[in-house]
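The figures that follow rest on heavy atoms only: side chains count, while hydrogens, waters and symmetry mates do not.
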Amino acid sequence: MNTRRHLLLALLATAAWNLPAQAQDKPIKIGVTAGPHAQILEAAAKVAARDGLKIQIVEFSDYVQPNAALAAGDLDANSYQHKPYLDQQVKDRGYRFVSVAQTITFPMGVYSKKVKSLDALKEGARVGVPNDPTNGGRGLLLLEAKGLIKLKPNVGLKATPLDIAQNPKKVKIIELDAAQLPRSLDDLDAAAVNGNYAESAGLDPIRDGIAVEGPTGPYANIIAVREADKDKPWVKKLVAAYHSAEVKQFVRTTFKDSVIPAW
């Protein structure tokens with residue numbers, strides 16, 4: 001009897017010991033936008049796999065769905081947005097998300113197929129900016145930094161075309177979906193384009209931009225998770241993999257100056 005009892009207890013202990021390992025076999029689903037975010041996460045996933053973390057990458061074509069999917073529980077994390085955009089989404093939609101790490105920065109650039117500089121824009125030129133609150137403000141701040149317009153004092157990251165105080169060339173600000181701006185360059189005189197969409201369209205801010213953001217600023221992209229998950233072990237493994245020297249080297253080698261590691 002004692003032998004049988006000891007054997008039973010040993011089997012139960014073995015089963016209990018194996019449960020956590022079996023649970024970890026389920027991949028962590030991470031949402032990204034197609035292009036650099038997906039490519040960099042693929043590199044991070046290879047590093048994470050060596051630490052026992054399996055990652056399933058889910059690609060999206062817009063900025064809205066990755067947060068909606070995270071809120072619905074269809075994702076465990078996403079990696080595609082900068083902190084001001086996340087903050088606005090939390091405010092507007094009530095998401096209970098937090099940032100757990102910075103990832104990369106895509107410097108926003110102004111591109112044109114018609115002029116070689118902002119100074120060459122004619123009076124009444126049509127200039128595109130993203131139509132979402134944070135990226136639209138980012139585009140206007142870039143135009144202000146380069147002297148094309150002047151905004152009202154202290155409007156900051158939430159600037160809109162209504163906040164333009166001085167517009168010497170009377171440029172017309174055209175608000176479009178961020179993903180559409182590269183394809184709209186034939187119809188616009190210039191456009192402020194987010195770095196990830198510029199990269200996908202084959203535009204390089206150093207080579208092709210007629211104006212480019214400086215290297216510092218608040219627009220580093222982040223990894224977002226639900227508040228309830230922020231202290232889970234897989235989050236620590238994910239961040240460590242992304243912030244590895246191997247991934248940093250991949251970013252620098254693959255994207256040169258169009259994508260900058262933010263860690």
> Can you pull the ring pair (Phe, Tyr, Trp, His ring centres under 6.0 Å) pairs that have at least one residue in residues 153-176, sequence neighbours excluded?
Replying inline: none
> Rounded to the nearest 0.5 Å, how far apart are CD of Gln102 and NE2 of His243?
Replying inline: 7.5 Å
> When rounded to the nearest 0.5 angstrom, what distance separates CZ in Phe106 from CD1 in Ile260?
Replying inline: 10.5 Å
> Where is the tightest heavy-atom contact between Ala190 and Ile210, given as atom of each residue plus distance?
Replying inline: CB-CD1, 4.4 Å
> How long is the gap from CG on Leu181 to CG on Leu176, to the nearest 0.5 Å?
Replying inline: 5.0 Å
> If every non-hydrogen atom of His37 is compared with every non-hydrogen atom of Tyr80, which pair is closest and at what distance?
Replying inline: NE2-O, 3.3 Å
> Who pairs with Phe250 by ring pair (Phe, Tyr, Trp, His ring centres under 6.0 Å), at least two apart in sequence or on another chain?
Replying inline: none
>> Test of understanding: with ring pair (Phe, Tyr, Trp, His ring centres under 6.0 Å), list the residues that count as partners of Tyr111, not counting sequence neighbours.
In response: none
>> To check you understand the geometry: which heavy-atom pair defines the closest contact between Asn131 and Ala178, and what is its length?
In response: OD1-N, 4.4 Å
> Does the side chain to side chain donor-acceptor pair (under 3.5 Å) test come out yes or no for Thr134 and Gln88, once each step is laid out?
Replying inline: CA-CA 7 Å; Thr134 53; Gln88 190 67 44; over 6 Å; no
>> The criterion is side-chain hydrogen bond (donor to acceptor under 3.5 Å, both in side chains); which residues satisfy it with Arg207, sequence neighbours excluded?
In response: none
>> Per the ring pair (Phe, Tyr, Trp, His ring centres under 6.0 Å) rule, what does the pair list look like for residues 139-195, sequence neighbours excluded?
In response: none
> How far apart are the closest heavy atoms of Gly139 and Ala192, and which atoms are they?
Replying inline: CA-CB, 4.0 Å
> Excluding sequence neighbours, so at least two apart, what forms side-chain hydrogen bond (donor to acceptor under 3.5 Å, both in side chains) with Arg183?
Replying inline: Gln180
>> Enumerate the salt bridge (Lys or Arg N to Asp or Glu O under 4.0 Å) contacts for residues 121-131, please, sequence neighbours excluded, ordered by first and then second residue.
In response: none
>> I need the full list of ring pair (Phe, Tyr, Trp, His ring centres under 6.0 Å) pairs touching residues 163-202, with sequence neighbours left out, sorted by first then second residue.
In response: Tyr63-Tyr197
> How many angstroms lie between NZ in Lys158 and CG in Asp163, if you round to the nearest 0.5 Å?
Replying inline: 11.5 Å
>> For Val193 versus Met108, what's the shortest heavy-atom pair and its separation?
In response: O-CG, 3.4 Å
> Looking at NZ of Lys29 and CG of Asn78, how far apart are the two atoms once the value is rounded to the nearest 0.5 Å?
Replying inline: 14.5 Å
> Quick one: CG on Leu143 to CZ on Arg138, what's the gap to the nearest 0.5 Å?
Replying inline: 12.5 Å
> Among pairs that include at least one residue of residues 146-155, which meet side chain to side chain donor-acceptor pair (under 3.5 Å), considering only residues two or more places apart or in two chains?
Replying inline: none
> How would you list, by chain and number, every residue that makes a side-chain hydrogen bond (donor to acceptor under 3.5 Å, both in side chains) with Gln65, sequence neighbours excluded?
Replying inline: none
>> Using the rule side chain to side chain contact (heavy atoms under 4.5 Å, CB included), only one of Ile40, Asn221, Ile104, Val32 pairs with Ser79; which is it?
In response: Val32
> Please, which pairs that meet salt bridge (Lys or Arg N to Asp or Glu O under 4.0 Å) have at least one residue in residues 104-113, sequence neighbours excluded?
Replying inline: Lys113-Asp186
> Between Val212 and Pro205, which heavy-atom pair has the shortest distance, and what is it?
Replying inline: CG2-O, 3.1 Å
> What's in the same ILVMFWY side-chain cluster as Phe60, cut-off under 4.5 Å, chained through other members?
Replying inline: Val58, Leu70, Leu75, Leu86, Val90, Tyr95, Phe97, Ile222
